[in-house]
Asker: 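Please find one structure pasted underneath; my questions will follow.
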Amino acid sequence: MCATCGCGSDGKTTFFLIDKDQQHNHSHDHVHTHNHGYVHDHGHTHDHQHINEKKIIDVEQDVLHQNNLLAERNRGYFDAKHILALNLVSSPGSGKTSLLERSLRDLKGELEFAVIEGDQQTNNDADRIFATGTKVTQINTGKGCHLDAHMITHAIQDLKPADYSVLFIENVGNLVCPAMFDLGEKERVVIMSVTEGDDKPLKYPDMFHSSTLCIINKTDLLPYVPFDIEKAKANAKKVNHYLEIIEVSCTSGDGLPLWYNWLRSKVLQAETI
Amino acid sequence: MHELSIVMGIIKIAEDHAKAAGAHSVDEIELDIGTLSGVDMESMEFAWTQAKKGTMLNNSLKKVNSISAKAKCLDCDTEFDIKNYYDACPVCGEHLISILRGKELKVKSLLVS
């Protein structure tokens with residue numbers, strides 16, 4: 001998966017475990033050593049024709065196979081430690097970080113949390129999460145437009161989420177690319193806000209199709225924007241009939257108890273294989 | 001632009017198999033790509049041209065089998081072709097559908113030398 005996360009090229013992906021005492025920071029770096037135990041000696045010349053043989057190889061391999069293997073490895077780690085891992089996806093500006101901040105503060109003492117933040121640049125979101133007193137690692141993907149399972153494997157090695165905790169993975173703000181990459185999460189939560197178009201689910205169907213919960217945020221702004229919430233819900237249901245939908249406002253607090261109850265119900269759910 | 005990640009994944013799979021077979025170049029590569037796989041073919045072409053440079057696939061011919069999507073209505077069992085996830089069953093009009101095919105994204109075969 002090095003090709004995907006950049007660690008095979010020039011270490012573009014960086015990880016920051018946010019800690020007030022020590023700033024942990026690493027980027028991927030692979031060192032290849034070549035150890036030849038003999039000396040090449042080409043003191044003679046070849047004088048023969050190489051036959052250009054062609055061969056057909058049946059590969060039949062899924063392109064995302066390597067990512068999916070690592071995702072399953074992450075999932076096994078989460079299951080063994082009873083960690084509820086949630087992959088939060090949305091376009092930029094839907095309010096993912098605000099929803100997290102509010103949830104972490106409101107449920108402090110009831111549930112234990114850890115957060116992985118994914119952004120192309122800056123530690124801004126991780127700093128906001130750290131201010132709530134939550135363990136957090138920031139992944140900067142550089143030019144990368146999504147998180148992948150390999151990045152999550154590295155991030156949890158630093159973060160070490162506690163047993164029985166809830167791990168929020170805030171993906172890069174992008175409704176397209178993260179849809180293809182399983183991170184090993186238990187549930188995928190897509191967040192949209194009423195300042196976006198109510199046709200978002202139709203425009204970006206892959207994301208809504210692969211999610212299990214849709215949160216419609218910023219409902220306090222409904223009187224001021226031309227957003228038809230019933231139409232948005234109907235559009236989301238057309239793409240994914242099984243999608244659960246919760247309307248919330250992180251500003252007024254409306255609907256947040258529904259989201260918290262959803263979280264509690266998932267924490268209590270026993271693992272089944 | 002997740003297509004670049006996809007293309008690099010394809011190249012890695014092809015090179016691994018070609019090297020294991022003792023080949024020095026990949027002459028042809030055959031891919032199965034479903035219409036609901038989430039891959040934009042134009043972006044993929046762009047990424048392909050750039051990413052294959054300097055690899056064993058530098059001069060390879062790329063053959064793409066486009067797999068058209070098919071769904072089954074979970075309400076009335078009708079099987080039908082779809083273009084989008086939100087397409088309704090043409091018989092009963094329901095959106096409760098199961099995707100039968102169209103999400104394929106795999107390297108099918110290689111011709112190496």
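Just so it is clear: chains get the letters A, B, ... in the order the sequence lines come, proteins before strands, and each one is counted from 1.
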Asker: A quick test of your reading: do over 12 heavy atoms of other residues, nucleotides or ligands sit less than 6.0 Å from OH of A:Tyr77?
Answerer: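 More than 12 within 6.0 Å, yes.
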
Asker: Show the numbers, then the answer: is there a side-chain contact (heavy atoms from CB on, under 4.5 Å) between B:Tyr85 and A:Leu202?
Answerer: CA-CA 9 Å; B:Tyr85 286 118; A:Leu202 304 182; over 6 Å; no

Asker: Could you measure the distance from the CD atom of B:Glu3 to the SG atom of A:Cys145? Nearest 0.5 Å is fine.
Answerer: 8.0 Å

Asker: Quick check on B:Ala88 against chain A: is it the side chain, the backbone, both or neither that has a heavy atom closer than 4.5 Å?
Answerer: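 No part of it gets close to chain A.
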
Asker: If I measure from the heavy atoms of chain A, does B:Leu74 come under 4.5 Å with its side chain, its backbone, both, or neither?
Answerer: side chain

Asker: As a test of understanding, state which of A:Asp58, A:Ile57, A:Val63 forms a side-chain contact (heavy atoms from CB on, under 4.5 Å) with B:Val107.
Answerer: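 Output: one option passes, namely A:Val63.
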
Asker: Tell me, for B:Ser37 versus chain A, whether the close heavy atoms (under 4.5 Å) come from the side chain, the backbone, both or neither.
Answerer: backbone

Asker: So for B:Ile13, is it side chain, backbone, both, or neither that comes closer than 4.5 Å to the heavy atoms of chain A?
Answerer: side chain

Asker: Pick whichever of A:Met180, A:Lys238, A:His241, A:Lys237 has the most heavy-atom pairs under 4.5 Å with chain B.
Answerer: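 It is A:Lys238.
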
Asker: Any chance you could measure B:Leu105, atom CG, to A:Leu64, atom CG, to the nearest 0.5 Å?
Answerer: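 One finds 5.5 Å between CG of B:Leu105 and CG of A:Leu64.
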
Asker: Report the distance from atom CD of A:Gln61 to atom CD1 of B:Ile10, rounding to the nearest 0.5 Å.
Answerer: 11.0 Å

Asker: Quick one: pull up NZ in A:Lys55 and NE2 in B:His17 and give me the separation to the nearest 0.5 Å.
Answerer: 12.0 Å

Asker: Examine whether an atom of A:Phe208 lies under 4.5 Å from a heavy atom of chain B, and if so say whether it belongs to the side chain, the backbone or both; otherwise answer neither.
Answerer: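 The answer is neither part of A:Phe208.
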
Asker: Taking the inter-plane angle between the rings of A:His146 and B:His2 on a 0 to 90° scale, is it parallel (under 30°), tilted (30 to 60°) or perpendicular (over 60°)?
Answerer: perpendicular

Asker: Quick one: what part of B:Ile99 sits under 4.5 Å from any heavy atom of chain A, side chain, backbone, both or neither?
Answerer: side chain

Asker: Quick check for you: to the nearest 0.5 Å, what is the distance between A:Lys54 atom NZ and B:Asp27 atom CG?
Answerer: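 That separation rounds to 3.5 Å.
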
Asker: For the atom pair CG (A:Asp206) and NZ (B:Lys103), what is the distance rounded to the nearest 0.5 Å?
Answerer: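 Here the interatomic distance stands at 6.5 Å.
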
Asker: Quick one: what part of B:Ala21 sits under 4.5 Å from any heavy atom of chain A, side chain, backbone, both or neither?
Answerer: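 Both backbone and side chain.
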
Asker: Is the count of non-hydrogen atoms from other residues, nucleotides or ligands lying under 6.0 Å from A:Glu60 atom CD greater than 12?
Answerer: yes

Asker: List the steps, then state whether side chain to side chain donor-acceptor pair (under 3.5 Å) holds for B:Tyr86 with A:Asn240.
Answerer: CA-CA 8 Å; B:Tyr86 50 82; A:Asn240 179 357; over 6 Å; no

